J.: 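Quick one: the structure is below, questions incoming.
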Protein chains: 2
Amino acid sequence: MAKLQKSIDKRNALVKATIELVNNNGFHATPMSKIAKMANVSPATIYLYFENKQDLVNKTYVEVKAEYTKYAFATYNETMPVEAGFRLIWNRIADFKLKECENAMFLAQCDNTPMIDELSRQEGIKHLQPLLDLWERGRQEGIIKPLSDYLLYAYAINPLSFLMITQKRGVFTLDKAHLEEAYQSAWSSIKVCQ
Amino acid sequence: MAKLQKSIDKRNALVKATIELVNNNGFHATPMSKIAKMANVSPATIYLYFENKQDLVNKTYVEVKAEYTKYAFATYNETMPVEAGFRLIWNRIADFKLKECENAMFLAQCDNTPMIDELSRQEGIKHLQPLLDLWERGRQEGIIKPLSDYLLYAYAINPLSFLMITQKRGVFTLDKAHLEEAYQSAWSSIKVCQ
DNA sequence: TACATAAAAATGAATGTTCATTCTTTTTTT
DNA sequence: AAAAAAAGAATGAACATTCATTTTTATGTA
């Protein structure tokens with residue numbers, strides 16, 4: 001098992017360097033040589049862990065996306081009432097976007113760009129199922145508007161990406177009070193009135 | 001006036017080619033040679049109209065952003081009541097994102113990427129003022145929640161970008177009914193209840 | 001434990017390509 | 001016929017990837 005012997009630390013350093021450089025310079029301005037340098041590794045070593053640059057970026061995307069959803073659902077279980085469950089997941093996602101800012105920025109960039117292969121993109125979406133199930137339950141109980149999952153995501157979750165990016169640009173700070181306001185807006189947009 | 005003599009058509013073709021190629025391949029995979037080919041122009045000619053590749057992309061961004069806001073406010077005037085004015089602007093923006101899909105996709109990509117210089121980005125934001133003024137009026141009249149402009153934009157406008165991208169990926173179609181639902185979600189998220 | 005050796009991992013330097021940009025010449029416009 | 005615009009080919013740098021070698025690790029033997 002050659003693969004298992006290779007240092008997992010090196011692989012992680014490569015993934016981390018990719019995220020950091022792509023965040024700061026964009027995909028078009030992150031050469032393999034810089035990734036190698038930041039990970040303290042020779043350029044040739046990258047090819048022991050990844051097929052090529054595209055593969056490195058794809059795998060990085062899928063891994064970060066998996067971390068994201070893992071974090072989002074870590075404290076959730078399916079027996080929770082709809083509103084409480086949504087609040088919990090929403091807060092975990094907000095938390096992730098604020099605390100794991102580098103990771104979240106990377107995902108935001110990948111999600112609006114033809115930088116990632118379609119296959120990896122689909123792979124990344126898979127783990128969102130618990131949220132979709134919660135919404136289905138909410139619709140059935142008449143708590144959540146009978147809208148497409150895409151619309152619900154667009155209004156309840158995606159605005160957090162915009163806010164995170166805006167905060168990263170420095171023009172705006174997302175404090176505790178803003179977060180509660182954001183939650184209220186998110187919930188207002190998808191709950192059934194009265 | 002050398003500049004005025006140069007063909008405006010050629011310039012437009014270059015801008016259009018840039019948008020199309022960046023949308024489909026990403027900035028990292030759109031060489032100047034391809035842009036030239038798509039615009040039916042020699043690579044050298046690009047440099048008669050733009051300083052370099054970065055300048056071409058920056059200028060393209062600023063121009064498309066200007067078109068976007070021009071379209072958004074074309075039928076609005078400041079004497080309208082807040083809710084009607086918001087509905088009007090929202091619909092124009094939705095229209096732009098659906099009809100001028102190429103332009104809107106390009107903006108979405110630029111807005112989540114370090115592809116554009118900070119200066120051009122700031123230049124692009126300027127023209128949004130009428131919407132910010134409308135929101136200020138709405139807050140004063142107690143119609144719109146007393147939230148930061150960034151939060152209002154995140155919930156009322158930005159979801160349209162997500163929906164447009166999702167539609168472009170083909171998994172979801174944004175029809176008339178969806179649009180009305182989206183509007184209701186947008187308005188719900190920022191209006192003061194009762 | 002100490003050493004020898006084979007396998008694996010890692011490296012720096014090379015390779016060949018692609019690309020942004022510039023140069024020189026040609027074509028078009030005035 | 002002069003000036004401006006456009007062109008295609010040339011230039012040199014940057015880059016992804018591979019190659020030939022060296023270093024590290026694991027294993028077997030005394």
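All values derive from a computational prediction rather than experimental measurement. Each chain gets a letter, A, B and so on, in the order its sequence line appears, and its residues count up from 1.
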J.: Enumerate the residue pairs fulfilling ring-ring contact (aromatic ring centres under 6.0 Å, His included) with a member in residues 97-134 of chain B, sequence neighbours excluded, ordered by first and then second residue.
T.: none
J.: For B/Tyr49 and D/dA5, what is the distance between atoms OH and P respectively, to the nearest whole Å?
T.: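 Answer to the nearest Å: 8 Å.
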J.: Could you tell me how far apart A/Ile46 (CD1) and C/dG12 (C1') are, to the nearest whole angstrom?
T.: 14 Å
J.: Sort me out a list of protein N/O and nucleotides 20-23 of chain C N/O pairs below 3.5 Å, or just none if empty.
T.:
from	atom 1	to	atom 2	distance (Å)
C/dA20	OP1	B/Met32	N	3.3
C/dA20	OP1	B/Lys53	NZ	2.9
C/dA20	OP2	B/Met32	N	2.6
C/dT21	OP2	B/Tyr47	OH	2.7
C/dT21	OP2	B/Lys53	N	3.0
C/dT21	O5'	B/Tyr47	OH	3.3

J.: Going by salt bridge (Lys or Arg N to Asp or Glu O under 4.0 Å), name the residues that satisfy it together with B/Glu136, two or more places apart in sequence or in a different chain.
T.: B/Arg139
J.: Without decimals, in angstroms, what is the distance between A/Leu56 CG and D/dT17 C1'?
T.: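 The answer, rounded to whole Å, is 13 Å.
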J.: Taking atom P of C/dA9 as reference, at what distance in whole Å does atom CD1 of A/Ile8 sit?
T.: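 One finds 13 Å between P of C/dA9 and CD1 of A/Ile8, rounded.
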J.: Quick check: closest heavy atoms across A/Ile19 and A/Glu102, and the distance to 0.1 Å?
T.: CG2-O, 3.7 Å
J.: Pairs under 3.5 angstrom only: tabulate donor-acceptor contacts from the side chains of residues 86-95 of chain A to other protein residues two or more places apart or in another chain.
T.:
from	atom 1	to	atom 2	distance (Å)
A/Arg87	NH2	A/Glu180	OE1	2.8
A/Arg87	NH2	A/Glu180	OE2	2.9
A/Trp90	NE1	A/Ala156	O	3.0
A/Asn91	ND2	A/Arg87	O	3.1
A/Arg92	NE	A/Tyr71	O	2.9
A/Arg92	NH2	A/Tyr71	O	3.1
A/Asp95	OD2	A/Tyr71	OH	3.1
A/Asp95	OD2	A/Lys99	NZ	2.9

J.: Just how far, in rounded Å, is P of C/dA13 from NZ of A/Lys37?
T.: 12 Å
J.: Within a radius of less than 6.0 Å around NZ of B/Lys16, do more than 12 heavy atoms belonging to other residues, nucleotides or ligands occur?
T.: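 No - once you tally the heavy atoms of other residues, nucleotides and ligands closer than 6.0 Å, there are 12 at most.
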J.: Would you mind reading off the distance between A/Asn25 atom CG and D/dA14 atom C1', rounded to a whole angstrom?
T.: 15 Å
J.: Tell me whether B/Arg121 contacts the main-chain N or O of B/Cys110 through its side chain, where contact means a donor paired with an acceptor under 3.5 Å.
T.: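 A pair under 3.5 Å: yes.
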J.: Where each residue is assigned the nucleotide of DNA chain D containing its nearest heavy atom, which of A/Ala29 and B/Ser42 is assigned the position nearer the 5′ end?
T.: B/Ser42
J.: Whole-Å distance between C/dC19 C1' and A/His28 NE2?
T.: 14 Å
J.: Give the dot-bracket string for DNA chain D, reading 5' to 3', where a pair is Watson-Crick or G-U wobble with both distances under 3.5 Å, ( ) marks pairs inside the strand, [ ] marks pairs crossing earlier ones, | marks a partner on another strand, and . marks unpaired.
T.: ||||||||||||||||||||||||||||||
J.: Taking only the side-chain nitrogens and oxygens of B/Lys10, find out if one of them lies under 4.0 Å from OP1 or OP2 of D/dA5.
T.: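 Answer no for this pair, as no side-chain N or O of B/Lys10 is under 4.0 Å from OP1 or OP2.
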J.: Take the angle between the ring planes of A/Tyr76 and A/Phe73 and call it parallel below 30°, perpendicular above 60°, tilted in between.
T.: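 Tilted: the ring planes of A/Tyr76 and A/Phe73 meet at 30° to 60°.
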J.: Tell me which donor-acceptor pairs under 3.5 Å the side chains of residues 33-43 of chain B have, and how far apart each pair is, sequence neighbours excluded?
T.:
from	atom 1	to	atom 2	distance (Å)
B/Ser42	OG	B/Ala44	N	3.2

J.: Let me know the distance between CG of B/Leu21 and C1' of C/dC19, rounded to the nearest Å.
T.: 15 Å
J.: Using the rule given for salt bridge (Lys or Arg N to Asp or Glu O under 4.0 Å), can you reason through A/Asp111 versus B/Arg169, listing the C-alpha separation, both sets of side-chain angles and the distance that settles it, and then say yes or no?
T.: CA-CA 11 Å; A/Asp111 285 332; B/Arg169 297 235 165 88; 5.6 Å; no
J.: For C/dT11, does OP1 or OP2 lie under 4.0 Å from any side-chain N or O of A/Thr45?
T.: yes
